[in-house]
Each structure stands twice: as C-alpha cells, then as structure tokens.
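Encoded as structure tokens, the structure appears first; notes follow it.
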Amino acid sequence: MNLTESVFRNGSAGLLSDPSPLNEVINVLSVAMLFVTMVSLGCTMAIRKIKAHLLRPKGVGVALLAQFGVMPLTAFALAKALQMDPVKAVAVLICGCCPGGSLSNIFSLAVKGDMNLSIVMTSCSSIAALALMPLLLFVYSQGFSGLEKAVPYVGIASALAFTLVPCGVGIAINHYRPNYAPVVKKVGLTALIICGIVVFSLSGVLIKDVVWMVLTPDVLVVGALMPLIGFTLGYVMSVMCRLSQQCSRTVSMETGCQNIQLCVTILKVAFAPEVIGPMFLFPLIYITFQCSEALLLTLCFRCYQAFKPPAEEAVDIKQEEVMLP
C-alpha cells in the first residue's frame, strides 16, 4: 500500500484536496515562518564562536552524532513497533530526520548549558541536514512498504537549501551590522508567533472534519516518546563521551528539540495535500510534548541545583573563557 492508497483508504483525500486558496495560504505562511526562523537563528551565530568550536570539534561531533543517529533511528523504531501506515510513518521519519530547532537554544539556556555549543550545533546540524536528511530518509524509507519511491527527495532538498539562504542573511547581519541583530530577532519572534497562531487556526479550519485521524493512540505515543528518548540518549551519549555536565545538558536539549518549522514546511509544501492528509500537523503534536517534557526536565534540574549546586559550573566557565579569549 503506497502513500496515496493509504490516504484514500482512510478517507481524508477528498476533504484535504479542496481547491480553495486556504491550502495555498497555509503553504505561504509555513514558508514565511521557516524564513523568519532561519534569519533569526543566523543572527545568533558569531563566526568567531563557530570557528572556536570547530577547532575543538568533540562537542559538535557528539552532538551531530546524537542528532542524526539517535532521532532518525528512534523515529524508525517507533513507527515500526507501532506498525504505522505509510502516511504516518513518513511524517514521523521526516520529523525524526530534521535538524535541531531554535527552541533548543532557549531550553539550553534554561538548563544553564553551553550556549556557544548550542548555537553552533544548531547551525551545523542545519547545514549537515542538506546531505544527511535526504540520505537518512532514503535509508529508513526502505523499511516501509510504499515509501521506497514515494518520498519527494528533490522537494525536501530544495526546502533544506532554502533554509541556508536566510540563515546566511542572519549571519551577515550579525557580522557586519551587529547592532541590528537584536532588533531582527525581536521582530522575527513577533512575526513567528503571529504566523504560528494564524497557521494553527487555519489548519484547524482545514482539517476540522478529519482531526480525529491525527489524534490517534499511535501518533500520540510517538509524539510523547520521541523527544523524551532524544533528551535521554543525547545526555547519556555525551556523558559516555566524557563531555562536561554543562555540554551534556546542551546536547540533550539539542537532540530532543527538532526544527518543527522545517518539518511543517516539508510536509505541507513537498507533499500534495491529498497524499499527506492531516498528518502535516504531526509536528504540532511533537512540539507540544517536546516543550512539556523540556520544561519538566528544566524544573527537575533547577530543583536539583537548588539543593546541590553543580560543582562543574566554575570549571565550565573557565573552559569557555579558554576557548573564546
């Protein structure tokens, strides 16, 4: 059973192939959200800091291994274990193969992680995804009947390449006009919130008759377990590789937090609406659990810190000063 057959079987094709401009509006806003996110992300990147971490690449290497090793494998294993149909499987795989998202920087700050490593990892994973995401999707799609030739690799690669342009614009602004970077980030955050609310509202109108098809037990289980496994294994891998506690917390947040804006854009733009069905909303389910679990972990860390302040904090600050003179 291929993707299209799966959607027609569950009855969502007719409802989501409406020729009204609503789909086009959501597509345009999804792309706009991604553009704004990547410009804002670029404005947080400093070439000096990127060079410093690339000269000592252990932390970035472990982080990339966790990002593109743990998350795609987790998505594949959960989809297979729960015997998901091709439509659900492709949405889960794309989410699992996405690079790290900008929310990881916020949560890394909340758990007192290494912010330089967090920003560098987010930028490096976004660049590495240009090659690794299509490759990983091709490899893992072989495990599902109907997905071997159904994934639009060209459309996905185009979306990934598109992310590099606004990211480069943001880096240029931060490098040549650093005074403008805070303004761009504030405006970008406001625009992102507005676009997000509009996209969520319009999507609700679009799929109001088939939303029950997204809120199924298997989708909810995957949405809950994927970020939790990412946070946990990202931290475990970092500790095993002898990274500091500060860096380990950072890698944990970076691993579990996916680039949801990119995932929504790919699912909404690269796939025809009658093919992907309401599963283009899976990233919204994922980010709900992702934020809830990250906030819970942050609360646990803060409570632990209140009773037993981590001794490694002073050491990590000294290491950061050595790396960034």
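Heads up: numbering here begins at 1 and tracks the sequence. Side chains included, hydrogens not; waters and symmetry mates left out as well; all remaining heavy atoms used. Since the model is a prediction, treat every value here as computed from it, not as a measurement.
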Test item: [X] and [Y] side chains (from C-beta on) under 4.5 Å apart, heavy atoms:
X: Gln67; Y: Val251; result: no
X: Val222; Y: Leu82; result: yes
X: Leu73; Y: Tyr140; result: yes
X: Lys112; Y: Phe301; result: yes
X: Leu93; Y: Ser141; result: yes
X: Met121; Y: Val60; result: no
X: Thr255; Y: Leu233; result: no
X: Val92; Y: Met226; result: yes

What heavy-atom pair brings [X] and [Y] nearest, and what distance separates the two atoms?
X: Leu284; Y: Ile287; result: O-CG2, 3.2 Å
X: Cys257; Y: Gln290; result: CA-OE1, 3.2 Å
X: Ala128; Y: Phe68; result: CB-CE1, 4.1 Å
X: Ile260; Y: Cys95; result: CD1-SG, 4.4 Å

Within this structure, what is the [atom1]-[atom2] distance for the pair [X] and [Y], rounded to the nearest 0.5 Å?
X: Arg249; Y: Asp114; atom1: CZ; atom2: CG; answer: 10.0 Å
X: Leu243; Y: Ser252; atom1: CG; atom2: OG; answer: 12.0 Å
X: Asn259; Y: Cys98; atom1: CG; atom2: SG; answer: 6.0 Å
X: Ser125; Y: Gln258; atom1: OG; atom2: CD; answer: 8.5 Å
X: Ser238; Y: Lys58; atom1: OG; atom2: NZ; answer: 10.0 Å
X: Lys185; Y: Ile173; atom1: NZ; atom2: CD1; answer: 11.0 Å

Would a single hydrophobic cluster contain both [Y] and [X], if residues Ile, Leu, Val, Met, Phe, Trp and Tyr are joined by side-chain heavy-atom contacts under 4.5 Å?
X: Met133; Y: Ile127; answer: yes
X: Leu130; Y: Leu64; answer: yes
X: Leu267; Y: Phe138; answer: yes
X: Leu78; Y: Leu228; answer: no
X: Leu220; Y: Leu296; answer: no

Apply the side-chain contact (heavy atoms from CB on, under 4.5 Å) test between Pro283 and each candidate in Ile94, Val264, Ile266; give the one that qualifies.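 Of the listed options, the one satisfying the test is Val264.
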
Decide side-chain contact (heavy atoms from CB on, under 4.5 Å) for Tyr235 and Gln245; before the verdict, give the C-alpha distance in whole Å, the side-chain angles of both, and the deciding distance to 0.1 Å. CA-CA 9 Å; Tyr235 183 83; Gln245 285 296 307; 2.4 Å; yes

Can you tell me if CZ on Arg177 sees more than 12 non-hydrogen neighbours from other groups inside 6.0 Å?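 Open: at most 12 neighbouring heavy atoms sit under 6.0 Å from CZ of Arg177.
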
Would the distance check show the side chain of Arg302 and the main-chain N or O of Ala110 forming a donor-acceptor pair, the cut-off being under 3.5 Å?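 Yes, Arg302 side chain to Ala110 backbone: donor-acceptor pair under 3.5 Å.
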
Evaluation steps, side-chain contact (heavy atoms from CB on, under 4.5 Å), between Ser118 and Met253: CA-CA 9 Å; Ser118 176; Met253 290 296 114; over 6 Å; no

Between Val70 and Met237, does a side-chain contact (heavy atoms from CB on, under 4.5 Å) hold up when you go through it step by step? CA-CA 10 Å; Val70 170; Met237 283 183 61; 3.5 Å; yes

Apply the test side chain to side chain donor-acceptor pair (under 3.5 Å) to residues Glu254 and Ser104: give CA-CA distance (whole Å), side-chain angles for both, the deciding distance (0.1 Å), then the verdict. CA-CA 5 Å; Glu254 290 288 335; Ser104 61; 2.9 Å; yes

Is there a side-chain contact (heavy atoms from CB on, under 4.5 Å) between Ile229 and Met71? Walk through the geometry before answering. CA-CA 8 Å; Ile229 293 173; Met71 295 307 290; over 6 Å; no

